[in-house]
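What you see is a predicted model, and the numbers here were worked out from it, not measured in a lab.
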Amino acid sequence: MVRLLQWYRERARPIVHIVRLYLPDGSNVDLCRKGKVEEGARIVSPNSTGAELVDPLKSVSSLRLDADLLWVAASSGGPITR
């Protein structure tokens, strides 16, 4: 995966990361994880470590996802570009 991302970055090709964020109330949790979240697990909660891209996939290791911006884009149905 890292080599593929490097290839795309070297050629200035677009890269899309799909990010899954669970609402704090667990209402949008996948069925396979629902039990764990209902027990208190914070799996891919906004602004948690589990919701971040792993460092080897980031173009800059200090990059942090902006959960608020992602929620706005998801609710509007539009992509996020920077």
Side-chain angles (χ1 to χ4, degrees):
M1 181 76 73
V2 173
R3 287 194 331 235
L4 180 62
L5 286 171
Q6 182 179 0
W7 188 92
Y8 270 73
R9 287 181 178 126
E10 288 170 355
R11 290 158 181 80
R13 304 296 298 166
I15 297 171
V16 177
H17 295 284
I18 305 300
V19 179
R20 181 79 165 137
L21 297 175
Y22 293 148
L23 294 170
D25 67 3
S27 62
N28 68 333
V29 174
D30 299 306
L31 288 177
C32 63
R33 294 182 183 92
K34 193 162 184 71
K36 289 284 186 192
V37 171
E38 287 174 344
E39 293 170 3
R42 293 196 58 216
I43 303 169
V44 297
S45 296
N47 302 311
S48 71
T49 302
E52 290 295 322
L53 297 173
V54 295
D55 283 343
L57 300 184
K58 296 178 182 180
S59 57
V60 178
S61 63
S62 62
L63 176 73
R64 297 271 309 161
L65 298 179
D66 184 333
D68 293 331
L69 183 60
L70 292 170
W71 284 124
V72 168
S75 63
S76 70
I80 300 171
T81 57
R82 284 194 181 189

Quick check: closest heavy atoms across [X] and [Y], and the distance to 0.1 Å?
X: Ala51; Y: Val19; answer: O-CG1, 4.0 Å
X: Pro46; Y: Arg42; answer: O-NH2, 3.9 Å
X: Lys58; Y: Leu53; answer: CE-O, 3.0 Å

Crowded around Lys36 NZ? As in, over 12 foreign heavy atoms under 6.0 Å?
->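 No, the 6.0 Å shell around NZ holds no more than 12 heavy atoms from other groups.
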Take atom CZ in Arg3; do more than 12 heavy atoms of anything else shown fall under 6.0 Å from it?
-> no
Which ILVMFWY residues are connected to Val16, directly or by a chain of links, through side-chain heavy atoms under 4.5 Å apart?
->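 Val16 shares its hydrophobic cluster with Ile18.
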Hydrophobic side-chain clustering at under 4.5 Å (ILVMFWY, transitive links): who's grouped with Tyr8? Put none if nobody.
->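 Tyr8 shares its hydrophobic cluster with Met1, Val2, Leu4, Leu5, Trp7, Ile15, Val54, Leu57.
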Kindly compute the distance separating OG (Ser62) from CZ (Arg64), expressed to the nearest 0.5 Å.
-> 10.5 Å
About how many Å separate CG of Asp55 and CG of Leu63, when rounded to the nearest 0.5 Å?
->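 Leu63 atom CG to Asp55 atom CG measures 9.5 Å (nearest 0.5 Å).
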Could you pull out all donor-acceptor pairs under 3.5 Å where a side-chain atom in residues 20-29 meets a protein atom, sequence neighbours excluded?
residue, atom, partner, partner atom, Å
Arg20, NH2, Asn28, O, 2.6
Arg20, NH2, Asp30, OD1, 3.2
Tyr22, OH, Asp30, OD2, 2.6
Tyr22, OH, Arg33, NH1, 3.3
Asp25, OD1, Ser27, N, 2.9
Asp25, OD1, Ser27, OG, 2.8
Asn28, OD1, Leu23, N, 2.7
Asn28, ND2, Leu21, O, 3.0

Determine, using the 4.5 Å side-chain heavy-atom cutoff (strictly less than), whether Leu65 and Val44 are members of one ILVMFWY cluster.
->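 Leu65 and Val44: separate clusters.
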